[in-house]
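Order of listing sets the numbers, starting from 1, for every ligand and every atom in it. Bear in mind that the values here come from a model prediction, so they are computed numbers and not experimental data. Sequential numbering from 1 along the given sequence is applied to the chain's residues.
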Amino acid sequence: MIKESKKFGIAIHGGAGTIVRELLTPEREQAYLAALEQALNTSYTLLEKGGSAMDAVEKAVRSLEDSPLFNAGRGSVFTADGTHEMDASIMDGATRQAGAAAGVTGVRNPIMLARHIMEHSSHIILAGQGAERFAKQQGLQFEAEEYFFVKQRYDQWQQVKGSDTTALDHSEDRKFGTVGAVALDVHGNMAAATSTGGMTNKQFGRVGDSPIIGAGTWADNNTCAISCTGDGEYFIRAVAAYDVACLMEYKGLSLEAACDEVVMNKLRTAGGEGGLIGIDKEGSIVLCFNTLGMYRGMRDSSGQQKTAIFK
Ligand code: ASP
């Protein structure tokens with residue numbers, strides 16, 4: 001028998017970083033908030049109708065991938081070779097099944113590919129050309145190079161092109177623009193999804209934390225669902241998303257205390273900039289970051305709703 005719980009909710013992020021208010025025009029700020037609200041509201045409506053947490057997180061991430069504002073899907077940053085290599089993952093807290101795609105080019109919605117890998121292959125992570133072949137077999141939509149050309153991203157790349165610098169930041173607002181979503185549905189199931197273009201000027205084949213289950217994404221009905229954004233190399237070594245779940249499971253910490261420990265203490269001490277969003281089985285939502293800002297939003301069945309960028 002499925003235990004029906006009334007509480008449900010969703011949280012999303014569009015990246016964290018040194019987002020400087022003065023560098024963000026009011027128009028751009030409004031555009032970011034509107035894109036976040038749109039992603040939040042469509043997934044909230046789905047959850048309200050009894051839809052699954054998996055469908056809600058996939059839908060929210062797809063909506064952010066389709067926006068040129070975020071570093072995922074269409075708005076993905078440029079690699080050192082001037083291409084786009086995207087990473088994404090999704091995890092179902094009810095079954096602890098997961099799927100991920102790493103270093104894929106041309107796929108319109110890498111989060112859909114991650115879900116197809118989870119549901120229609122016997123593997124968890126597919127990378128590069130193999131993942132693209134699988135995406136074609138599954139009939140997923142591909143886009144031409146022009147679709148992924150966003151002037152602002154191109155200009156960011158021009159500033160570091162030819163150097164060894166992997167730009168962690170936006171030149172305009174110095175942020176990480178990865179997108180993610182976590183949700184709890186009325187059936188008591190949780191899910192998490194994360195999608196990214198990675199880091200500007202990244203070297204061939206570089207894979208960040210976003211497609212690594214446990215590092216950038218985690219969901220487990222016993223504890224929480226987590227999606228991370230930030231300096232991927234640090235999040236991988238911190239096993240950040242799973243560490244939050246572990247602190248809850250083994251130390252009995254609340255979601256808030258666990259997120260705080262990982263983001264504000266462990267990652268910050270190590271030099272890892274970024275943040276994460278989390279939801280637990282009670283529907284508590286945490287939006288936590290050690291940077292100046294994080295594009296973020298949440299909405300839950302108790303009527304709480306917000307979108308924000310700065311602290
Ligand atoms: N975590 C991502 C990566 O390292 C970057 C980001 O969050 O924007 O690939």
Would [X] count as a polar contact of ligand 1, with the cut-off being nitrogen or oxygen pairs under 3.5 Å?
{"X": "T229", "value": "yes"}
{"X": "T178", "value": "yes"}
{"X": "G230", "value": "yes"}
{"X": "G208", "value": "no"}
{"X": "D231", "value": "no"}

**Asked** Any idea which part of R206 is under 4.0 Å from ligand 1, heavy-atom wise: side chain, backbone, both or neither?
**Response** side chain

**Prompt:** Would you say the ring centroid of H13 lies under 6.0 angstrom from that of Y295?
**Reply:** no

**Prompt:** Could R237 and Y234 be counted as a cation-pi pair, given that NZ or CZ must be under 6.0 Å from the ring centre and within 45° of the axis?
**Reply:** yes

**Request:** Establish, for the pair R296 and F289, whether the NZ or CZ atom is under 6.0 angstrom from the six-membered ring centre and no further than 45 degrees off its axis.
**Result:** no

**Prompt:** H84 vs F78 aromatic rings, parallel, tilted or perpendicular, using cut-offs 30° and 60°?
**Reply:** tilted

**Asked** Do the ring planes of Y44 and F8 sit parallel (below 30°), tilted (30 to 60°) or perpendicular (above 60°)?
**Response** tilted

**Asked** Just which atoms of ligand 1 are under 4.0 Å from any heavy atom in D209?
**Response** 1 (N), 2 (C), 3 (C), 4 (O)

**Request:** Check each atom of ligand 1 against the heavy atoms of G177 and keep those under 4.0 Å away; list them by number with element.
**Result:** 8 (O)

**Prompt:** Would you say G15 contacts ligand 1, with heavy atoms under 4.0 Å as the rule?
**Reply:** no

**Message:** Please say yes or no: joined through hydrophobic side-chain contacts below 4.5 Å, possibly via intermediate residues, are I111 and I10 part of one cluster?
**Reply:** yes

**Request:** Evaluate whether atom NZ of K311 has more than 12 neighbouring non-hydrogen atoms of other residues, nucleotides or ligands under 6.0 angstrom away.
**Result:** yes

